[in-house]
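Here the structure comes first, spelled out in structure tokens, and everything after it is commentary.
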Amino acid sequence: MPIFVTRPNLPPMEDYFQILHEIWDSAILTNNGPYHQKLEGKLADYLEVPYLSLVSNATLGLLLALKVLDLHGEVITTPYSFVATAHSILWNNLTPRFVDIDACTLNITPGSVKRAITDKTAAIMPVHVYGTPCDVNGFEALEKETGLPLVYDAAHAFAVKAAGRSIVQYGDLSVLSFHATKMYTTIEGGAVICKTPELKREIDLLKNFGIVDEVTVCRVGINAKMNELQAAAGLASLPYVEEARHKRAVADALYRRHLGDIPGLSPLQIFDDVNANYSYFPVFISSEAPVARDRLYTVLQSEGIFSRRYFYPLISQFPMYANAPGASPENLPVAAKVSGEILCLPLYHSLCHQEVIRICGIIRNTLS
Ligand SMILES: *Cc1c(COP(=O)(O)O)cnc(C)c1O
């Protein structure tokens, strides 16, 4: 059996079928149906936020989060993320400006962002990479100082807390992804968390064509609605999130115990005062290691273990971004180095003890 980098945390089929049965009976399949409303409420409670709007996927969520702010000019962001982060900026006819990441958190920082602010800067879009919280207080201070709105790509950060506070309480808007590869899934899906009721109202309008009522359309909206089958998947799996988080934490600790002393390899550090979600298990294979990162990646593959080089290449290396401000490799030395060293090992709720031990054994043999 191949081992992929992740595996969806599916609820027991009966739980899902029970809700599907009710949906079939009601014949309400989408358009803010009862399960959509119920999931919005449950997630808002679970994530301790007042205003949350479900969307069909996080990419459209990011697109809309920028759209509601009615921006012109540049958005400062990270090159070290999934390409959807920057695509959401281009789709809004805005220009991404890339700044380098911190070598420890792998996130962009208030300091690097501040140095890149120009009179063209319209907003800041940091990413909580691998669920590691950005310096949210520093960014909050920067927003107060500059007035620049803050949109977090929180696609990796479901259920993460920093200093006891839900990470999606920060920023004007935060966007979560519920894609099948993420730790909590609605198959495809996402949520936009809004600071104010006005922002939620705007997102709700924009995700439904800008329709107010049968005869009134007030925005150039789009279709970014989550449907009832997605909401059902989300409702059925929500009760199993904490258990899955715990199982991931156990596998994470096991990896750390068995990889600790391999020369040239170091896992991403553990951060103080963070309630992590253990979404990923990234390790750095240093350029001094006896075997290169890409060689290890191939060896694992030949053993049926599919690790992933998240994030290689950098977004700034893709052709549509290569000429964007800040995209040159000289401007992004840390991101460039990390991108060449990083490897995400398999981590999911059902990854068992023996599998972790086997993966660690192969890595040890390859690197020694
Ligand atoms: C997965 C992901 C997205 C896109 O999420 P979808 O729900 O698949 O559209 C955006 N940003 C980051 C950082 C991601 O990892």
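For ligands, and for the atoms within them, numbers begin at 1 and follow the listed sequence.
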query = Does a salt bridge link Asp261 with Arg364, judged by any charged N lying under 4.0 Å from a carboxylate O?
reply = yes
request  = Kindly say whether the aromatic ring centers of His87 and Tyr321 come within a distance under 6.0 Å.
outcome  = yes
Tyr348 six-ring centre to Arg248 NZ/CZ under 6.0 Å and within 45° of normal = no
inquiry  = Contact between Lys200 and Ile193 at the side-chain level, heavy atoms closer than 4.5 Å - yes or no?
reply    = no
Backbone N/O of Thr132 and side chain of Asn107: donor-acceptor pair under 3.5 Å = yes
inquiry  = I'd like the residue list for ligand 1, meaning every protein residue with a non-hydrogen atom under 4.0 Å from the ligand.
reply    = Asn57, Ala58, Thr59, Ser81, Phe82, Ala84, Thr85, Asp153, Ala155, His156, Ser177, His179, Lys182, Gly189
ask   = Going from CZ on Arg219 to CG on Leu206, what distance comes out if it is rounded to the nearest 0.5 angstrom?
value = 7.0 Å
